[in-house]
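Here the structure comes first, spelled out in C-alpha cells, and everything after it is commentary.
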2 protein chains.
Amino acid sequence: MTTRTEETGPSGAAYNAFLAVCPSLMLLDRLANKWVVLVLCALGGDAEKAPDVPAAPTALRYSELARLLSGVSQKMLTQTLRSLERDGLLTRTVVPTVPVTVTYELTDLGLSLLGVVRRLREWAQSHMDDVLAHREKYDARA
Amino acid sequence: MTTRTEETGPSGAAYNAFLAVCPSLMLLDRLANKWVVLVLCALGGDAEKAPDVPAAPTALRYSELARLLSGVSQKMLTQTLRSLERDGLLTRTVVPTVPVTVTYELTDLGLSLLGVVRRLREWAQSHMDDVLAHREKYDARA
DNA sequence: CGGAATCCTAACCGATACTG
DNA sequence: CAGTATCGGTTAGGATTCCG
C-alpha cells in the first residue's frame with residue numbers, strides 16, 4: 001500500500017483524485033490532455049470519417065497519426081504515445097521491414113478509456129457554438 | 001462563419017477537433033485539464049461523499065472549493081473558475097455580506113459537461129491499479 | 001520511416017505580498 | 001473572505017539536426 005487514501009483492501013475504489021497526495025490525481029493529469037484525447041480517438045477510428053460511419057477501432061502507423069493530428073509536433077506525438085504505452089493503454093508493434101513500420105493499437109484498457117474521451121471530444125465539438133456565444137457576452141460586459 | 005471546418009450551415013456538427021485550425025481543438029485543450037475536471041466534479045457534488053451517496057450538484061463557495069481541491073493554488077483556482085465562467089459552464093454569484101460571500105454553481109451547460117468529466121475521474125480512480133501494474137512491467141523491461 | 005538528442009523560448013504555475 | 005498583482009523557477013513544447 002503506497003499512497004492509497006484509505007485501507008479498504010486490495011479491491012480498488014480507494015483512490016480519490018481530490019487528494020493532492022493520491023496517485024489518481026497524477027493519472028488524471030496525464031489523461032486530461034488534448035493529445036491523449038486525440039490519439040485515443042484517432043486509434044478509435046473517429047478521425048476522417050463521414051458522420052454516419054460507425055468509427056471502429058483500428059491500428060495506425062506513426063505517420064498516419066501524425067497526419068490525422070494535424071497540429072501535433074513529432075516530439076509531442078512520440079511523448080504521448082510513450083506514456084500511453086507505458087500505462088498500458090496501447091501497444092506498439094515494430095514490423096522489421098525496411099524502412100521500419102511501427103503500428104499503434106488500443107488495448108482493452110485503452111478501449112475502455114476511449115469510451116470516455118470520445119464523449120469529451122464530441123462534447124467540445126457539439127457545444128462549441130454555445131461556448132463561443134457565452135464568451136462574446138462575457139467579454140462584452142467587461 | 002469564422003473558422004469552421006466545412007460549410008454545412010448554421011446547425012452545428014461542423015467542428016473537427018482533429019484540425020489544427022479548428023476552435024474546438026482549443027476548447028478541448030481547455031476542458032482536458034486536471035483542475036477543470038476537479039472543479040466540475042466538486043460542483044457536481046462528487047467530493048467528500050460516502051460511496052453510496054448519490055452526489056447531487058451543489059453551489060460552493062470559493063473557500064470550500066479551495067479546501068476540496070487540496071492541491072490547487074489560489075491562482076490556478078481563480079484562473080480555472082474565470083475561464084469556466086467565461087465559457088458559460090458555471091455562474092459566479094457575489095453576495096454583498098461583509099466580508100463578501102462568493103458562490104459558484106454549474107449552469108445547464110456545465111451540468112451536461114459534468115456527465116462527461118465525472119466519468120473521466122471515475123475511470124482514473126477505478127483503473128489506477130491496472131495502470132500502475134503496466135507501468136511497473138514497462139519500467140522493468142527497459 | 002520512425003524516431004532520439006539538443007537547444008531554446010514561451011507559458012505555466014507556485015509563492016508571496018497587497019486590497020476591498 | 002475572495003480575490004489581484006508581481007516575481008521568478010520550472011517546464012512544456014516547437015524547431016532543428018542526426019541516426020538505424
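Here the P atom of nucleotide D:dG3 and the OH atom of B:Y62 are 6 Å apart, to the nearest Å. Atom CG of B:L69 is separated from atom C1' of D:dA2 by 16 Å (rounded to the nearest Å). B:E85 has its CD atom 15 Å from the P atom of D:dA2, to the nearest Å. The interatomic distance linking A:N33 (CG) with D:dA12 (P) rounds to 11 Å, in whole Å. Here the C1' atom of nucleotide C:dG2 and the CG atom of A:L77 are 10 Å apart, to the nearest Å. Per the geometry, NZ belonging to A:K75 stands 16 Å off P belonging to D:dT17, to the nearest Å. Separating the CD atom of B:Q74 from the C1' atom of D:dC1 is a distance of 13 Å, rounded to the nearest angstrom. Distance CG (B:L25) to P (D:dG13): 12 Å, rounded to an integer number of Å.
Cluster annotation: A:Y138 is not connected to B:V39 through the hydrophobic network of ILVMFWY side chains, with a link wherever side-chain heavy atoms come within less than 4.5 Å.
Nearest heavy atom pair, residue B:M128 against residue A:S24, reads SD-CA, 3.4 Å.
Contact check, B:S63 against D:dA2: a side-chain N or O comes under 4.0 Å of OP1 or OP2. Contact annotation: A:R92 side-chain N/O to C:dG2 OP1/OP2 distance is not under 4.0 Å. In this model, the phosphate group of D:dC1 is not approached by any side-chain N or O of B:R61 to a distance below 4.0 Å at OP1 or OP2.
The number of heavy-atom neighbours closer than 6.0 Å to CZ of A:R30, taken from other residues, nucleotides and ligands shown, is 12 or below.
Of the candidates B:T101, B:T78, B:T103, B:T78 is the only one forming a side-chain hydrogen bond (donor to acceptor under 3.5 Å, both in side chains) with B:Y62.
Comparing B:L81 and A:V100 along DNA chain D, the residue whose closest nucleotide (by nearest heavy atom) sits nearer the 5' end is B:L81. Residue A:T103 is the one, among B:G71 and A:T103, whose nearest nucleotide of DNA chain C lies closer to the 5' end (criterion: closest heavy atom).
Among the atoms of the strands shown, none is found under 4.0 Å from any heavy atom of B:Q79.
With D:dT17, D:dG14, D:dG3 as the choices, the nucleotide that has an atom nearest any side-chain atom of B:V102 turns out to be D:dG3. With D:dG3, C:dA4, C:dA15 as the candidates, the nucleotide lying closest to the side chain of B:T78 is D:dG3.
A distance-only check finds a donor-acceptor pair linking the side chain of A:N16 to the backbone of A:F18 [under 3.5 Å].
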